[in-house]
Amino acid sequence: MPPALGLLLVTLFWAGNFTMSKLALRAIPVQPFTALRFALGATILVALLRPTRLPPRHLRWRLVGLGILGNTVYQVFFMNGLKRTTATNSALILAAVPAVVTAMVALLGIERVTRRQWAAVAVATIGVVCVVLGGGAGLGGGSRTGDLMTVVGVFCWAGYTAGVRTFAGEMGALEVTAWTMVTGAPGLVLLGVPEMAAVDWGAVPPLAWAGLLYSSLLSLVAAYFLWNRGVAALGASRTALYSCFTPLVATGIAMAVLGERPTLFHGAGAALILAGVLLSQRRPATA
């Protein structure tokens, strides 16, 4: 499969995850859903990656910290935010991740950031504010609380992404992915266990199970493989541009399946977020 086609599939998998997860969360509580989703996805992904050696000793605690931040904490805020807001709002807010990463790597001294990239961060931030202010108007069930939880999730995932970059030259991206999943999964499982016993699993409809499997196998396992393959073949910057299509596709799916109807606030926010992300990914012209 050509890398570009694989990345288009990733866009579809990630875009569909917002709607499929919303459908599953109608029947399965957030914490059990998150625990099962991540335990299944992480187990399969690690089995496929087959890490053959333990990480170097001086990197282990950094991996634990990243796993907790980028998997445990991020998933808690992302899934609880998605439960409380609309698929459209969640997708649009998460689209700001590349711009937030740009700001973080600059503040942490990992990379140099140009004035244009700082301007891109400002534009994307204004776009997120538009989406949050738009709330759930016209979407049927949007919540400011869910939006703000998703914003926290953006910072968690951006911090994880920036942290992964510090491993360059010491560990491969796939190794870091596998080990941070191993360290992030236990916390999610422990959070989900208390509620699992109270769920009538026999009454969970097939559509909810389909949402759980989709979110685990396609959004986590397949997407991780295809995304990393794309990075290796096309480079990080070109690959990152494919994520710009995710909120647009996600909104279309949410409109068709969930009946969500974006407002002018969402349109303006989407335009600003995507403009900021595209601007932040551009490289200065060279003679």
Side-chain angles (χ1 to χ4, degrees), residues 1-24 34 37-38 40-49 66 70-71 74-75 78-79 81-82 87-102 124 150 153-154 156-158 160-162 164-165 172-178 180-181 184 210-257 270 273-274 276-278 280-281:
M1 180 188 299
L5 178 57
L7 290 171
L8 288 176
L9 284 176
V10 171
T11 298
L12 179 61
F13 293 159
W14 282 345
N17 185 55
F18 295 94
T19 291
M20 293 302 292
S21 294
K22 288 285 288 185
L23 293 172
T34 305
R37 174 199 181 221
F38 208 80
L40 178 60
T43 299
I44 295 174
L45 187 59
V46 171
L48 291 174
L49 293 178
L66 274 185
N71 291 315
Y74 165 70
Q75 289 291 334
F78 167 59
M79 295 308 304
L82 180 60
T88 297
N89 278 27
S90 185
L92 291 176
I93 293 170
L94 283 170
V97 165
V100 178
V101 170
T102 297
T150 307
V154 166
C156 291
W157 187 253
Y160 169 81
T161 303
V164 167
R165 294 187 183 185
L174 288 176
E175 279 189 293
V176 174
T177 298
T180 53
M181 279 199 163
L212 176 62
L213 291 175
Y214 179 103
S215 190
S216 303
L217 303 181
L218 297 183
S219 179
L220 279 180
V221 178
Y224 266 84
F225 266 110
L226 293 173
W227 184 263
N228 280 291
R229 183 169 172 261
V231 170
L234 303 178
S237 296
R238 289 178 63 190
T239 301
L241 294 178
Y242 282 84
S243 67
C244 296
F245 297 107
T246 300
L248 303 179
V249 179
T251 299
I253 294 172
M255 290 174 65
V257 178
I273 292 169
L274 294 180
V277 170
L278 289 170
S280 72
Q281 297 300 310

Handout entry: Between CZ on residue Arg37 and CD on residue Gln75, distance to nearest 0.5 Å
Key = 4.5 Å
Fill in the blank from the handout: One should read off an interatomic distance between Leu213 CG and Ser219 OG, to the nearest 0.5 angstrom, of 12.5 Å
Handout entry: Atom pair CG/CG of Leu40 and Leu217 - distance to nearest 0.5 Å
Key = 5.5 Å
Practice task
Kindly give the heavy-atom pair with the smallest separation between Thr180 and Tyr160, and that separation in Å.
Solution key: OG1-OH, 3.0 Å
Exercise for the section: Without swapping roles, check the side chain of Trp157 against the backbone of Gly70 for a donor-acceptor pair under 3.5 Å. Expected result: no
Exercise for the section: Report the C-alpha distance between Thr150 and Leu82 in whole Å, list the side-chain angles of each, state the deciding distance to 0.1 Å, and finish with yes or no for side chain to side chain contact (heavy atoms under 4.5 Å, CB included). Expected result: CA-CA 7 Å; Thr150 307; Leu82 180 60; 6.0 Å; no
Completion exercise
The reported gap from OG in Ser215 to CZ in Phe13 (rounded to nearest 0.5 angstrom) is 12.5 Å
Practice task
First locate atom CG of Leu92, then atom CG of Leu248, and finally report the distance between them rounded to the nearest 0.5 Å.
Solution key: 8.0 Å
Exercise for the section: Of all the heavy-atom pairs spanning Thr19 and Ile253, show the shortest one and how long it is. Expected result: OG1-CG2, 3.6 Å
Exercise for the section: For side chain to side chain contact (heavy atoms under 4.5 Å, CB included), just list the numbers for Lys22 and Val257, CA-CA rounded to whole Å, side-chain angles, deciding distance to a tenth of an Å, and then say yes or no. Expected result: CA-CA 10 Å; Lys22 288 285 288 185; Val257 178; over 6 Å; no
Completion exercise
Heavy atoms of Ala158 and Val100 approach each other most closely as CB-CG1, 3.5 Å
Exercise for the section: Using atom types as modelled and distance alone, determine if a side-chain donor or acceptor of Tyr214 lies under 3.5 Å from a backbone N or O of Ser21. Expected result: no
Exercise for the section: Could you tell me the separation between the OH atom of Tyr74 and the OG1 atom of Thr34, rounded to the nearest 0.5 Å? Expected result: 11.0 Å
Exercise for the section: Could you tell me whether the side chain of Met20 reaches within less than 4.5 Å of the side chain of Leu218, counting heavy atoms only? Expected result: no
Handout entry: Evaluation steps, side chain to side chain contact (heavy atoms under 4.5 Å, CB included), between Phe78 and Leu94
Key = CA-CA 9 Å; Phe78 167 59; Leu94 283 170; 3.4 Å; yes
Completion exercise
Sequence neighbours excluded, the answer for ring-ring contact (aromatic ring centres under 6.0 Å, His included) partners of Phe38 is none
Exercise for the section: Without swapping roles, check the side chain of Thr251 against the backbone of Pro247 for a donor-acceptor pair under 3.5 Å. Expected result: yes
